[in-house]
Amino acid sequence: MSTLAEIEALLFVAGEEGIRIRQLAELLSLPPTGIQQSLEKLAKKYEKDQDSSLALIETGGAYRLVTKPQFAAVLKEYSKAPINQSLSRAALETLSIIAYKQPITRIEIDAIRGLIQVER
């Protein structure tokens, strides 16, 4: 397993918040200078690779994986597509309780859901 692959995996799971060099260095037990060099190498790899839609950016001291600007149009179209995802019965019950009884705590929600289960 290469250091670049490990950094890439950590960048992927870090998501929108990104990850700082210090965090990467601690997680991988490497010096920050080595992490910096690996990040630069990874950024260049993404820049050169025409078959990759990814880019590496640094904002506010954190590094993030993002999509290259040329994919903006296709991603905008994707975001317009309706999401056909239905909620589970448990999620619908919870939302109904919150809508009816708000403000409400998690403990209160669990107690009400427990009563609903008993009545069935």
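Treat the numbers as computed from the prediction; the structure is a model and nothing was measured.
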Give the table of side-chain donor-acceptor pairs shorter than 3.5 Å for residues 50-62, with sequence neighbours excluded, one pair per line with atom names and distance.
{"from": "Ser52", "atom 1": "OG", "to": "Leu54", "atom 2": "N", "distance (Å)": "3.2"}
{"from": "Glu58", "atom 1": "OE2", "to": "Gly61", "atom 2": "N", "distance (Å)": "2.7"}

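- Remark: Glu77 CD to Lys80 NZ distance equals 4.5 Å, nearest 0.5 Å.
- How far CG of Leu39 is from CD1 of Ile21: 5.5 Å, rounded to the nearest 0.5 Å.
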Using a 3.5 Å cut-off and no angle test, enumerate the donor-acceptor pairs between side-chain atoms of residues 2-19 and protein atoms at least two apart in sequence or in another chain.
{"from": "Ser2", "atom 1": "OG", "to": "Ala5", "atom 2": "N", "distance (Å)": "3.0"}
{"from": "Glu8", "atom 1": "OE2", "to": "Tyr46", "atom 2": "OH", "distance (Å)": "2.3"}

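- Side-chain heavy atoms closer than 4.5 Å link hydrophobic residues (I, L, V, M, F, W, Y) into clusters, and following such links, possibly through other members, connects Leu28 to Leu65.
- Other residues, nucleotides and ligands contribute at most 12 non-hydrogen atoms within 6.0 Å of the NZ atom of Lys41.
- Of all heavy-atom pairs spanning Pro31 and Ala25, the tightest one is C-CB, 4.4 Å.
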| task | Under the salt bridge (Lys or Arg N to Asp or Glu O under 4.0 Å) rule, what do Asp49 and Lys45 come out as? Steps first, then yes or no, please. | result | CA-CA 6 Å; Asp49 189 352; Lys45 176 185 165 194; over 6 Å; no
If you look only at distance, which donor and acceptor atoms sit under 3.5 Å apart when one is on a side chain in residues 96-104 and the other is two or more places apart or in another chain?
{"from": "Ser96", "atom 1": "OG", "to": "Leu92", "atom 2": "O", "distance (Å)": "2.8"}

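- Taking CG of Leu30 as the reference point, atom OG of Ser38 lies at 7.0 Å (rounded to 0.5 Å).
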| When you look at Lys44 and Glu47, which way does the salt bridge (Lys or Arg N to Asp or Glu O under 4.0 Å) test go after all the steps? | CA-CA 5 Å; Lys44 287 178 184 172; Glu47 284 176 32; over 6 Å; no
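- Looking at Gln23, its side chain does come within 3.5 Å of a backbone N or O of Arg20 through a donor-acceptor pair.
- Atom CG of Leu75 has more than 12 neighbouring heavy atoms from other residues, nucleotides or ligands inside a 6.0 Å radius.
- Using modelled atom types, one finds no donor on one side chain facing an acceptor on the other under 3.5 Å when comparing Thr33 with Gln36.
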